[in-house]
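As the structure lists them, so they are numbered: ligands from 1, and atoms in each ligand from 1.
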Amino acid sequence: MANTLPQIRPLPGSVVEGPVLKRPRLDTDVIPTRVEVEAPAKEDTPRDGDEVMQEVVEEAKLNSAGGKKGTKSKKTKKKKDPPLPDPCSAADVLYREIRELLGEETVDRVTDSGNAFKAPYTVGEEVVVKIERIGSGGSGIAVAPEEKGPWAIVVPCALPREMVRVRIGRYERMHSCASVVEVVSPNTELRDDSRVRCKYFGTCGGCQYQMLSGETQLELKRDAIVRAYKTYSGAPLPFTICTLVLTCNAGGLPESAVPTVESTIESPLVYAYRTKITPHFERPPKYAKKQDVAGGSQPPWLKIGFNVANSNSTMDIEECPIATSVLNEKYKSDRTEIIQNIFSYKKGVSLMYRDSLDPTFDAKKMMLPPVDKLSEAFTKHACVTDQKGVSRELVGDKLFQYTAGGFFQNNNAVLPLLVDHVRGLIDSEEGRDHPTHLVDTYCGAGLFAISLSDKFTKVAGIELSQSSIASAKENATLNGIPEEKISFLSGEAQNIFATVRDFPPERTVVVIDPPRKGCDELFLKQLLDFRCNTVVYVSCNVHSQARDIGEIVRRTEGDGEGRRYRMESLRGFDLFPQTAHVESVALLRLY
Ligand SMILES: C[S@@+](CC[C@H](N)C(=O)[O-])C[C@H]1O[C@@H](n2cnc3c(N)ncnc32)[C@H](O)[C@@H]1O
């Protein structure tokens, strides 16, 4: 198995699936893929590398001033406000939460007077604020005192009802970002800092909830689903969105149309669960000297790790307790090598670490009966660092192989529960014949199509990534599923419907598991034309899921018997414990 140090790779543009925050993330799913830029050399004088927060404040000052490091500020024209954030993005969700907190009319008034980006604070200023609520992205939100005008302060790792001393950072539309300096009066009902297992918690942008009990985390995630359906189930699909529409309250589905959100399913592992991380580092700055790394010591200018919360600055991170142990082991030894060889890097680098069953075993032989899941082949783990390498994992009784840099869910411990839940939803229908056909849209390497195939006579999957489709086909063979039963197509999700005309809609289940942006009009139209009996919608972004399901329910409302979709179940899965992310699973059936 190739376990060599990752190669320097130029930035190929970022393709991000799964949970994404606008802020720092812990891999291509939770972190923006920093598969890297040609990193500009940093300032020409050494900085105090230990003061991460100082660096962040400086960056924020620059952002706020609209200037660039090292460039003289020119006389600038008054800039127009930037456009509203993408609908259903993390920034959009936060903006709507701020609107709700400050009052929609108030925010509209401030916006109309051209002051939506006029921060009443200076960068670096310290103030004490009271946190009003926790946003869906996991940050506390405070309202500035009246004399500062309508304005919010967004503070990661702060809890409702807490008084916190914060340091103000950069500003965005109607709010300043800030970091906690001190929790002046903690919310002792919720916070217990002895739960925190990571020394970087509070500064690193990866986790938001380590100080909370598992129970509270699950409840917050359930609450995020409830709120998403209230706010987004009336939001228009992207192609109809314009500024005007976004600033109106589109109105969600009526309460009666949304089932009670069930309790969030916990991950069996709440630490050491994450099977993929993508730390990154920049090339040496111009002022760096070779003797800086003499004796293997790490110079202050070299940060290898993840982004600081609410910032693009990298913070140096030696290990990540939510990542699996094989990833941490390999990452730690790579760090030593990177430090020694840092002057050979001419560009910044994004590393990738993927936990895999040891790929030196023969996958075909592993799956020959009798399959011994306790054997070394199924228990020994390795770390794959080559994006094009093969990674392998067992989910239930099915073995999946996929390109390590491609999409696969990042928490193997909870995956069997997720798959079983989808199976249970399909089985839950009483009084009708069991479905015989399955369509897995946005199927990746075939997780749902292959895991659920035993239940169906015919299965079809579709996926945009050709390498994932190649993996899905190989996975079907590996798991002994006959070719005449299962097929995989590479292409736009909506194209599947033209290929399954022989599937009886009344006996067909469609699984939808799109990227964060959700489905588009073309897909929804085809889905509604097909009008299958059961739809299971799995989503890493409950906001776009709520929007799409609102659309499906509303568009079929007036239709005749057996043609109307109703939501029957809604539940979250904790794929990313210690973070604010929730995976949401919804069931729709025809009535
Ligand atoms: C959240 S992942 C789900 C993958 C799979 N269901 C799983 O759980 O492993 C979304 C997948 O949709 C694919 N995708 C993105 N846009 C697509 C499109 N327009 N049509 C088909 N697939 C798409 C991505 O490549 C990615 O594999």
Polar atom proximity, Asp440 to ligand 1 (N or O, under 3.5 Å): no

Residues Lys276, Glu393: salt bridge by 4.0 Å N-O rule: no

Ring-face cation contact, Tyr232 with Arg96, 6.0 Å cut, 45° max: yes

Option of least heavy-atom distance to atom 10 (C) of ligand 1 (set: Asp513, Asn495, Ile469, Leu489): Asp513

Selected option - heavy-atom contact closest to atom 14 (N) of ligand 1, from Phe408, Phe448, Tyr442, Phe400: Tyr442

Residue-ligand contact Cys443/ligand 1, heavy atom below 4.0 Å: yes

Sub-4.0 Å heavy-atom contact, Cys540 with ligand 1: no

Which of the atoms of ligand 1 are close to [X], meaning less than 4.0 Å from one of its heavy atoms?
| X | result |
| --- | --- |
| Gly491 | 20 (N), 21 (C) |
| Gln409 | 7 (C), 8 (O) |
| Pro514 | 1 (C), 10 (C) |

From Asp355, Asn411, Asn410, residue fulfilling side chain to side chain donor-acceptor pair (under 3.5 Å) relative to Thr324: Asp355

Side-chain donor/acceptor of Ser487 to backbone N/O of Glu483, under 3.5 Å: no

Whether His434 and Phe456 hold their rings parallel, tilted or perpendicular, with breakpoints at 30° and 60°: tilted

For Ala272 against Leu269, the heavy-atom pair lying closest together: O-CD1, 3.8 Å

Residues Ser89 and Arg516: side-chain donor-acceptor under 3.5 angstrom: no

Mode of Leu464 contact toward ligand 1 - side chain, backbone, both, neither (heavy atoms, under 4.0 Å): both

